[in-house]
2 protein chains.
Amino acid sequence: MKSFPRPLATVDVAIFSIREDALRLLLVRRPDGADEPFPGQWALPGGFIDTARDVDLEGCAMRKLADKTGFRIPYLEQVGGFGNAKRDPRGWSVTQLYFALVPPDAAVPDESGAQWHAVHGDGVGARLAFDHKQLVRAALTRLRNKVEYTSLPVYLVTEPFTLGELQRAFEVVLDRSVNKAAFRTRVLSAGLVESTGEFRPGPTRPAELYRAARGAGDVKFFPRTFSPRS
Amino acid sequence: MKSFPRPLATVDVAIFSIREDALRLLLVRRPDGADEPFPGQWALPGGFIDTARDVDLEGCAMRKLADKTGFRIPYLEQVGGFGNAKRDPRGWSVTQLYFALVPPDAAVPDESGAQWHAVHGDGVGARLAFDHKQLVRAALTRLRNKVEYTSLPVYLVTEPFTLGELQRAFEVVLDRSVNKAAFRTRVLSAGLVESTGEFRPGPTRPAELYRAARGAGDVKFFPRTFSPRS
DNA sequence: TGAATAGTGTCTGTTAGACACTATACT
DNA sequence: AGTATAGTGTCTAACAGACACTATTCA
């Protein structure tokens with residue numbers, strides 16, 4: 001077996017949540033230090049694969065996630081691998097990018113130094129370390145594409161939720177309004193949610209409460225997309 | 001910077017083509033040798049990232065591809081990363097899986113030892129090295145899913161092609177027949193192909209010849225899927 | 001009773017699929 | 001003329017989107 005120098009291997013996670021009616025991304029600050037790349041800059045949570053502790057890539061991503069947030073098992077999906085000679089000044093490196101969706105009540109420990117940054121267009125305002133700007137764009141593209149034809153936003157709302165809240169989550173992610181009647185028909189006929197039988201009281205007519213449908217467990221697909229006709 | 005032992009980093013490519021009216025996958029034999037894992041077994045073309053020669057992951061995949069086949073630039077797409085402690089007996093390893101589509105006239109040099117294996121269901125008949133059975137399944141799933149809503153099979157036919165040939169490519173990949181009228185309407189209205197103005201003569205009515213539409217360059221998406229109604 | 005949100009009925013345009021039809025070459 | 005394949009016209013079912021309508025609660 002011919003031996004090759006091994007690239008650096010990392011995992012990064014783009015953690016999305018809806019806070020204050022906006023899609024937000026959790027970012028951490030790079031550590032300070034003379035031998036650290038991009039000291040003090042905002043970056044995606046992530047880091048080296050620990051071959052002693054991580055059983056696989058997803059486990060590694062879960063560990064990064066758990067370091068930053070505490071909650072029920074979130075939605076986690078691999079976006080892809082990014083690797084080249086230049087992206088890390090320390091040498092040829094490959095990172096596995098994951099994206100995670102967490103509900104609005106997922107806590108972020110203060111001492112983690114992590115902050116939620118609003119998403120505008122295809123990124124965040126802050127300047128990011130490494131090629132993380134590109135990674136964020138890739139994660140956002142994947143998220144938005146998938147929301148067009150799947151039930152992903154159920155992972156962005158706290159159960160139980162009203163159909164109005166779920167619709168709002170779709171709208172926040174897609175950054176456009178969707179038709180109420182079409183949305184309800186679509187969501188209900190796809191069997192994506194099931195009623196709890198309860199209602200949420202409020203200053204107006206109470207709304208029926210739903211939860212993500214059990215059983216299939218996985219993400220549901222819609223037969224068509226939301227896309228407006230061209 | 002805390003130092004971690006680095007996992008092995010490889011790239012594997014699932015190269016698909018249509019030969020003898022069947023979807024086929026190009027496989028190579030693992031080298032023989034006492035210190036080689038899975039000696040003599042069939043495996044996906046691939047291997048270590050060469051940090052001295054490869055500029056990025058895609059370049060590495062292209063290199064593996066060029067080692068095995070010779071032709072015009074094919075379709076190449078990343079499927080994802082697979083990494084854990086057990087998949088390679090030499091230690092914790094991460095592989096980036098790509099899939100490639102090449103036309104039926106793409107040559108495979110004899111001396112490469114590569115062979116086309118027919119795809120049946122979600123894999124090939126041969127026993128595969130490493131976790132390549134799983135990788136093949138992942139690549140096939142991605143390919144078939146994408147063919148439902150994109151123009152990918154144009155990369156599986158030789159230009160110029162008739163609509164009948166293109167339809168057959170869709171059918172071979174999806175392993176089901178598609179309606180001729182619906183197929184033609186769909187393909188033509190998506191602007192996915194353009195006429196060359198030429199016709200292919202034959203024992204019956206000549207068929208108009210097409211090529212992949214220029215300009216957009218990229219893969220075209222259909223507004224809906226092929227899926228039969230449930 | 002008015003305001004505000006929840007939820008529904010109905011109409012229209014678009015498209016996939018089915019299926020039968022016409023068109024055009026060679027033998 | 002027969003045959004085989006290329007290509008089209010038409011009908012139907014399904015669904016997205018639009019929009020106006022009804023329903024229900026609290027102040």
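In what follows, chains carry the letters A, B, and so on, assigned in the order in which the sequence lines appear, proteins first and then strands, with residues in each chain numbered from 1.
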- Message: Heavy atoms from C-beta onward define the side chain here; which of C:dT8, C:dA16, D:dG9 lies closest to that of B:A181?
- Response: D:dG9
- Query: Among D:dA6, D:dG9, C:dA6, which is the nearest nucleotide to the side chain of A:R184?
  - Reply: C:dA6
If I take atom [atom1] in residue [X] and atom [atom2] in nucleotide [N], what distance separates them, rounded to the nearest angstrom?
X	N	atom1	atom2	answer
B:F199	C:dA23	CZ	C1'	12 Å
B:L209	D:dA6	CG	P	11 Å
B:E208	C:dA23	CD	P	17 Å
A:K180	D:dG17	NZ	P	16 Å
B:Y210	D:dA6	OH	C1'	10 Å
A:Q167	D:dG17	CD	P	12 Å
A:L163	C:dG7	CG	C1'	9 Å
B:N179	C:dT15	CG	C1'	12 Å

- Message: At less than 4.0 Å, is any side-chain N or O atom of A:R186 found next to OP1 or OP2 of D:dA16? Yes or no.
- Response: yes
- Can B:S195 and B:E208 be counted as having a side-chain donor-acceptor contact under 3.5 angstrom? yes
- Strictly by modelled atom types, are A:R87 and A:S93 linked by a side-chain donor-acceptor pair under 3.5 Å? yes
- Pi-cation contact, B:W42 with B:R127 (under 6.0 Å, within 45°): no
- Does a salt bridge link B:R211 with B:E194, judged by any charged N lying under 4.0 Å from a carboxylate O? yes
- Query: Is a salt bridge present between B:E165 and B:R168, judged by a nitrogen-to-oxygen distance below 4.0 Å?
  - Reply: no
Between the protein and nucleotides 23-27 of chain D, list every N/O to N/O distance that falls short of 3.5 Å.
{"residue": "D:dA23", "atom": "N3", "partner": "A:R205", "partner atom": "NH1", "Å": "2.9"}
{"residue": "D:dC26", "atom": "O4'", "partner": "A:P203", "partner atom": "O", "Å": "3.1"}

- Does the ring pair (Phe, Tyr, Trp, His ring centres under 6.0 Å) test come out yes or no for B:F183 and B:F170, once each step is laid out? CA-CA 9 Å; B:F183 177 80; B:F170 272 86; 5.1 Å; yes
Below 3.5 Å, can you tabulate the donor-acceptor pairs from side chains in residues 57-66 of chain A to any protein atom, sequence neighbours excluded?
{"residue": "A:R63", "atom": "NE", "partner": "A:D54", "partner atom": "OD1", "Å": "2.7"}
{"residue": "A:R63", "atom": "NH2", "partner": "A:D54", "partner atom": "OD2", "Å": "2.9"}
{"residue": "A:K64", "atom": "NZ", "partner": "A:G47", "partner atom": "O", "Å": "3.4"}
{"residue": "A:K64", "atom": "NZ", "partner": "A:F48", "partner atom": "O", "Å": "3.1"}

